[in-house]
Amino acid sequence: MKHIVVTIDGPAGTGKSTVAREVAKKLGFVYLDTGALYRAAAVAIDDSGCKTSNEQDCVRVLSRATINFADEHVFLNGLDVTQRIRSQRISSLASEIAVHPSVRNALLDLQRSFRGKSSLVAEGRDTGSVVFPDADIKIYLDASQEERARRRYEELISKGFAVSYDQVLNDLRERDSRDSSRATAPLVIPQHAIVVDTTHLSIENVVRIVLDKVRRYLAD
Ligand code: DC
């Protein structure tokens, strides 16, 4: 069977990760969380003491860093950073380093290396527009800013982070604006993408919609 690529893009808090993980599990596809790569890269840069605004320093740090995924855990230079990459601080730093074209370029081959071994579900901001522009199925998830902040807040609280809803909403607004307005690979609805507004949908419903699209595609 031909290996296919499904991309799921959208802003923070639309349920991309949960949906992509579930769809991949149900279909036996590989799951790629590209945001986790940017987050692990942000940890490397944070630990180095370099400023996220200095593009050259960021790339220099990344050229010496090794990022791996194994069993749904993320490793930076062999250390498990799965929990650490989810903090509010790292969310903001990841979005800051993601504006640099050479940082994005440094992470491109690693993202593309996930293709081919098996069918793939990749999620992020530019997986359908830049990383896999020829993907077989492109999904774009959206939801209102307030609903996305509520989901992110509940996720952070459940993971033990001490945050307030207002702080999460503010950070999300800043990130939305930075991720959508940057010059290189901004968050856009990829051409031919299927747009799903998840504001009033449960995760189960969104998973069902995406699974339905993929199964129809495979049946054709
Ligand atoms: O999806 P996420 O919230 O884990 O992503 C964290 C940040 O990483 C996001 O604010 C912008 C950046 N990112 C990106 O620029 N391109 C991607 N494909 C994925 C994430």
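Each ligand, and each atom within it, is numbered from 1 in the order the structure gives. For this chain, numbers begin at 1 and follow the sequence in order.
For atom 16 (N) of ligand 1, the nearest protein heavy atom (residue, atom name, distance) is R104 NH2, 3.0 Å. Shortest contact from atom 4 (O) of ligand 1 to any protein heavy atom: R39 NE, 2.6 Å. Among all protein heavy atoms, the one lying closest to atom 19 (C) of ligand 1 is T34 OG1, 3.4 Å. Taking atom 8 (O) of ligand 1 as the reference point, the nearest protein heavy-atom neighbour is Y38 CB, 3.4 Å. In terms of protein heavy-atom proximity, atom 17 (C) of ligand 1 is closest to R125 N, 3.4 Å.
By the 3.5 Å distance cut-off applied to N or O atoms, D179 is counted among the residues near ligand 1. The shortest N or O to N or O distance between R182 and ligand 1 is below 3.5 Å. For a threshold of 3.5 Å applied to N or O pairs, the pair formed by E123 and ligand 1 contains no separation below that value.
With no hydrogens or angles considered, a side-chain donor-acceptor pair links S91 and R39 at under 3.5 Å. In summary, the side chains of D197 and T199 do present a donor paired with an acceptor at a separation below 3.5 Å, with no hydrogens or angles considered. Defined by atom type and a distance below 3.5 Å, a donor-acceptor pair is present between the side-chain atoms of E123 and S17.
Counting the atoms of ligand 1 from 1 in the order shown, those under 4.0 Å from a heavy atom of R175 are 3 (O), 5 (O), 6 (C), 7 (C), 9 (C), 10 (O). Atoms of ligand 1 lying under 4.0 Å from at least one heavy atom of D126, given by number and element, are 16 (N), 17 (C), 18 (N). Atoms of ligand 1 lying under 4.0 Å from at least one heavy atom of A98, given by number and element, are 12 (C), 15 (O). Listed by number with element, the atoms of ligand 1 under 4.0 angstrom from any heavy atom of G124 are 18 (N), 19 (C).
With atom 5 (O) of ligand 1 as the reference point, the heavy atom nearest to it among A42, S91, G35 is part of G35.
Atom NZ of K213 sits about 15.5 Å away from atom CG of D136, to the nearest 0.5 Å.
Classification of E72 and R21 as a salt-bridged pair holds, one side-chain N sitting under 4.0 Å from a carboxylate O.
Residues R175 and R152 are in side-chain contact: their nearest non-hydrogen atoms beyond the backbone lie under 4.5 Å apart. The shortest distance between side-chain heavy atoms of V121 and L32 does not fall below 4.5 Å. Between D179 and E174, every side-chain heavy-atom pair lies at or beyond the 4.5 Å cut-off. Within the 4.5 Å cutoff, the side chain of L201 has heavy atoms near those of the I209 side chain.
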